[in-house]
There are 2 protein chains.
Amino acid sequence: MRGKEAKVTIYDVAKKAGVSKSTVSRYLGGRFHELSPKTQQKIKQVIDELQYRPNNLARGLKSSRSYLIGALVADITNPYTTAILRGAEDVCKQHGYSLLICNSDNQPAKEREYISMLQSHKIDGLLIQTTGGNSDFLETLSENGKTPIVLVDRKIPELPFDTVEIDNRGAVMQAVSYLIKKNYKRIGYFTEPVAHFSPRHERYTGFQEALRLVNPSHPSLEDLFEVDLNDESQLEKKLNTFLSRTSKEPRAIIAGNSVIALKIIIKLKEQGYKIPDDTGFLSFDNPEWAAAVFSGITTIEQPTYQIGKTVMELILKRLADNESPVQTISYQTRLIERESAPGR
Amino acid sequence: MRGKEAKVTIYDVAKKAGVSKSTVSRYLGGRFHELSPKTQQKIKQVIDELQYRPNNLARGLKSSRSYLIGALVADITNPYTTAILRGAEDVCKQHGYSLLICNSDNQPAKEREYISMLQSHKIDGLLIQTTGGNSDFLETLSENGKTPIVLVDRKIPELPFDTVEIDNRGAVMQAVSYLIKKNYKRIGYFTEPVAHFSPRHERYTGFQEALRLVNPSHPSLEDLFEVDLNDESQLEKKLNTFLSRTSKEPRAIIAGNSVIALKIIIKLKEQGYKIPDDTGFLSFDNPEWAAAVFSGITTIEQPTYQIGKTVMELILKRLADNESPVQTISYQTRLIERESAPGR
DNA sequence: TTGTAGGCGTTATCAC
DNA sequence: GTGATAACGCCTACAA
């Protein structure tokens, strides 16, 4: 039992409204001043009756606008990521764009495949939290395809793209000086492997800088730990290294992001350590569970939603005018004080 | 400074390879047996050189396949949702599809707009966690557009669509009998407003059934609380109602999902209640933080990733053959025992 | 204000 | 095996 006409096209609307395709097209394009009120009304009515929806594929083929924005992120399962996407989506919707979301899993190969795929779909813009392994590809996309690309979170020095990030250096600095003011003598910094990821790198070196500012040979200059979370035993080992060598001093831990923070917290629990009695704790990001763990975890909040919004706004801006100079927008973070690092 | 040719089309490839468009098209379509090995090789080479990517818009216009799958969910910010999307994405990628992700925020109006938008993009299939307010629209999409639609999580009785869900009734039953076995005498069930959302409804009534099975006039038949989380004070009020009227008995709380679970936990902490000493606790979903809160929260885990995978598999199946009868796949849940309901 | 006539990049149906 | 050629549904000059 078929419904009405299988597919209704602009031609069907035109016919039924007794006008030509171009006229309907004008209506669709919002060029109302070129149409008589009567025609407008008639077209509107027919569109409603027929439940006509313009075909974006056809539209895009002609106008070379797909109204699709690619969002290529490391991991959509990470709340940090979804918050950003949420911001991006709201702006998209407002402007008639849709988001094509892909996960690279931090694998350059996967990222590359997705870039190709997105290119096929003729995306009008790309939001990317890049693995850093496909600069050549991205440059081609940007130059040949003229596709606006905006980097989020992770920047790439050699690429001349707009970037939205946070002031990572400032953020760690603030964290460190907060802990030092609270009289913690040893501060362990735990991060996922720094590799070539700019935010991890900036936080890592920022941490060192901050310590040196206080004391050029601060003992915690050796309390930096990169841990690969895929390796089950690594975290425990490094955590114990830190805990055992600082057992007699007031100490605190900074987690480089909320993923590793959660792992650390669970490990600490397993081993019977209490926050903040046995060790102070402070985490990057401000995950929803921060208030529910121990007596609340002090965190460094990023304006994630705003970041996503801004990315899309930059893309839209370039879509309107691609000539403005490349810019990097760096947001300040906010330290949310809870009870996990009350001082000693 | 322009790169090479701005856009490279099938025609450019054909010209450079010294063949016709049709031949290249055959190659792209994977019909290798219709091509001489020499031609194949030549085309492959030229494609690489030119970095040619077929234009999906044109391809879709002709073949009426967009290779786009719509994913219309309530809230991408909810970890439950992203886990499902992750499963869906992996299947998509494997088959050359991309995911167009949209948030309805549980608002039928927004959902409706997105359905229209997705229709415009000529999606080849739709994964939807529906608000329930757009059955007419969905039916049109399915009938006229012949677009396979699969409902996730929430079903709609009047719609003849494939559905993937969990056995909600079974899940609560298991939870309740677990708590009763642990000797809890009063069990409070907290849920977001049930309204017309099938999983919430099934859990709600399942809870009642489970109690009646034990005792047709079980006192906790009145311990059901629907709370609107947008109203700041509501949760606190209802929570206190329950806590005060059960203060002298062994009691536990079941949270209908991880969102409300977290809110309850935070409220309990604020007011100085301890889990499990002051009240047992058990939550639907198995959020990442479950192990980090108090001494671990006992949860009902859903196979979220698998659910997403299954949805996409159903869509693909219908894309290949739309004649098979409508089916509902219902997954069993798993109770993950931690320390939040050890019994009294 | 409205209609006519291409053409966007593919695929598919013919011939050769 | 391969090559012309006509759609697909829409947009945009250019005419009227």
Side-chain angles (χ1 to χ4, degrees), chain A residues 5-43 46-47 50-67 96 119-124 144-146, chain B residues 5-44 46-47 50-68 96 119-124 144-146:
Chain A
E5 307 304 313
K7 312 174 163 199
V8 16
T9 78
I10 199 174
Y11 181 70
D12 300 313
V13 176
K15 205 168 50 179
K16 185 149 182 182
V19 297
S20 75
K21 293 192 299 177
S22 354
T23 305
V24 179
S25 178
R26 280 186 264 265
Y27 177 87
L28 295 175
R31 288 159 21 224
F32 302 120
H33 54 283
E34 300 180 18
L35 301 174
S36 80
K38 250 181 59 183
T39 314
Q40 281 180 46
Q41 219 170 4
K42 183 67 187 162
I43 293 178
V46 174
I47 286 180
L50 260 38
Q51 297 217 50
Y52 168 72
R53 303 262 83 220
N55 181 333
N56 242 292
L57 299 174
R59 196 205 284 261
L61 180 56
K62 183 64 193 169
S63 63
S64 59
R65 283 233 164 175
S66 62
Y67 290 96
Q119 234 170 325
S120 267
H121 284 292
K122 299 293 165 191
I123 49 166
D124 291 342
N144 290 10
K146 297 279 171 218
Chain B
E5 307 303 314
K7 314 174 161 198
V8 16
T9 78
I10 199 174
Y11 181 70
D12 300 314
V13 177
K15 203 166 54 181
K16 184 151 185 180
V19 297
S20 75
K21 292 191 301 177
S22 334
T23 304
V24 179
S25 177
R26 279 187 263 265
Y27 177 88
L28 295 175
R31 282 144 43 212
F32 302 122
H33 54 282
E34 300 179 20
L35 300 174
S36 80
K38 249 182 60 185
T39 315
Q40 281 179 48
Q41 219 171 3
K42 184 67 186 161
I43 293 177
K44 177 175 168 37
V46 173
I47 286 180
L50 259 38
Q51 296 217 52
Y52 168 71
R53 305 263 81 222
N55 181 333
N56 243 292
L57 299 175
R59 197 203 284 260
L61 179 56
K62 183 63 192 167
S63 64
S64 57
R65 283 232 165 177
S66 61
Y67 289 96
L68 254 24
Q119 235 171 324
S120 268
H121 285 291
K122 298 293 164 192
I123 49 167
D124 290 342
N144 291 10
K146 297 278 170 221

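Letters A, B, ... mirror the listed sequences (proteins, then strands); counts begin at 1. This one's a predicted model, so the numbers in the text were calculated from it and none came from an experiment.
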Nearest-Å distance, NZ (B:Lys15) to P (C:dT10)? 14 Å
When rounded to whole Å, the CZ to P distance for the pair B:Arg65 and C:dG9 reads 24 Å
By nearest nucleotide on DNA chain D, pick out whichever of B:Thr23 and A:Asn55 is the more 5' one. B:Thr23
Can you check nucleotides 13-16 of chain D for protein contacts, nitrogen or oxygen pairs under 3.5 Å, and list what you find?
none

Winner on side-chain proximity to A:Lys7, out of D:dT2, C:dT10, D:dG9, is D:dG9
On DNA chain D, does the nearest nucleotide to B:Leu35 precede the nearest nucleotide to B:Lys21 from the 5' side, or the other way round? Give the residue. B:Leu35
Might you point out which heavy atoms bring B:Arg59 and B:Tyr67 nearest each other, and give the distance in Å? CD-CE1, 4.3 Å
Write down the distance between CG (A:Asn56) and C1' (D:dG9), rounded to a whole number of angstrom. 11 Å
At under 4.0 Å between heavy atoms, what does B:Val19 touch on the DNA or RNA strands: base, sugar-phosphate, or nothing? sugar-phosphate
Under 3.5 Å, is there a donor on one side chain and an acceptor on the other for A:Ser22 and A:Ser25? no
Touch check for A:Phe32, heavy atoms < 4.0 angstrom, all strands: base, sugar-phosphate only, or nothing? nothing
Between A:Lys62 (NZ) and C:dG9 (C1'), how many Å, whole number? 11 Å
How would you label the contact of B:Tyr27 with the nucleic acid (heavy atoms, under 4.0 Å): base, sugar-phosphate, or nothing? nothing
Atom CD of A:Glu34 to atom C1' of D:dC11: distance rounded to whole Å? 12 Å
Validation row: A:Arg31, A:His33 side chains within 4.5 angstrom (heavy atoms): yes
For a 4.5 angstrom cut-off between non-hydrogen side-chain atoms, does A:Ser64 reach B:Lys7? yes
May I ask you to say what A:Ser64 touches in the nucleic acid, namely base, sugar-phosphate or nothing, with a heavy-atom cut-off under 4.0 Å? nothing
Per atom distances to the B:Tyr52 side chain, the nearest of C:dT2, C:dT10, C:dG9 is C:dT10
With side chains defined as the heavy atoms from C-beta onward, is the minimum distance between A:Val46 and A:Tyr27 less than 4.5 Å? no
A:Phe32, CZ atom: more than 12 neighbouring heavy atoms under 6.0 Å: yes
Options D:dC8, C:dC8, D:dG1, nucleotide nearest the side-chain atoms of B:Leu61: D:dC8
Between D:dT2, D:dG9, C:dT11, which nucleotide gets closest to the side-chain atoms of B:Arg59? C:dT11
Rounded to the nearest Å, what distance is computed from the NZ atom of residue B:Lys42 to the P atom of nucleotide D:dG3? 13 Å
Let's see if you can work this out: which of D:dG3, D:dC11, C:dT4 has an atom nearest to the side-chain heavy atoms of A:Ser20? C:dT4
Between B:Arg31 and B:Leu57, which residue's closest nucleotide on DNA chain C lies nearer the 5′ terminus? B:Leu57
Without decimals, in angstroms, what is the distance between B:Asp12 CG and C:dG9 P? 9 Å
Looking across every strand, which nucleic acid part, if any, lies under 4.0 Å from A:Ser25 by heavy atom: base, sugar-phosphate, or nothing? base
Locate the shortest heavy-atom distance separating B:Asp124 from B:Ser66; write the atom from each residue and the value. OD1-N, 3.0 Å
Round to a whole Å and report the spacing from OH of A:Tyr11 to P of C:dA5. 13 Å
Looking only at the side chain of B:Thr39 (C-beta and beyond, no hydrogens), which of the listed nucleotides D:dG1, D:dC10, D:dG9 gets closest? D:dG1
Over all heavy atoms of both residues, which pair between A:Ile10 and A:Tyr52 is shortest? Give the atoms and the distance, please. N-CE1, 3.5 Å
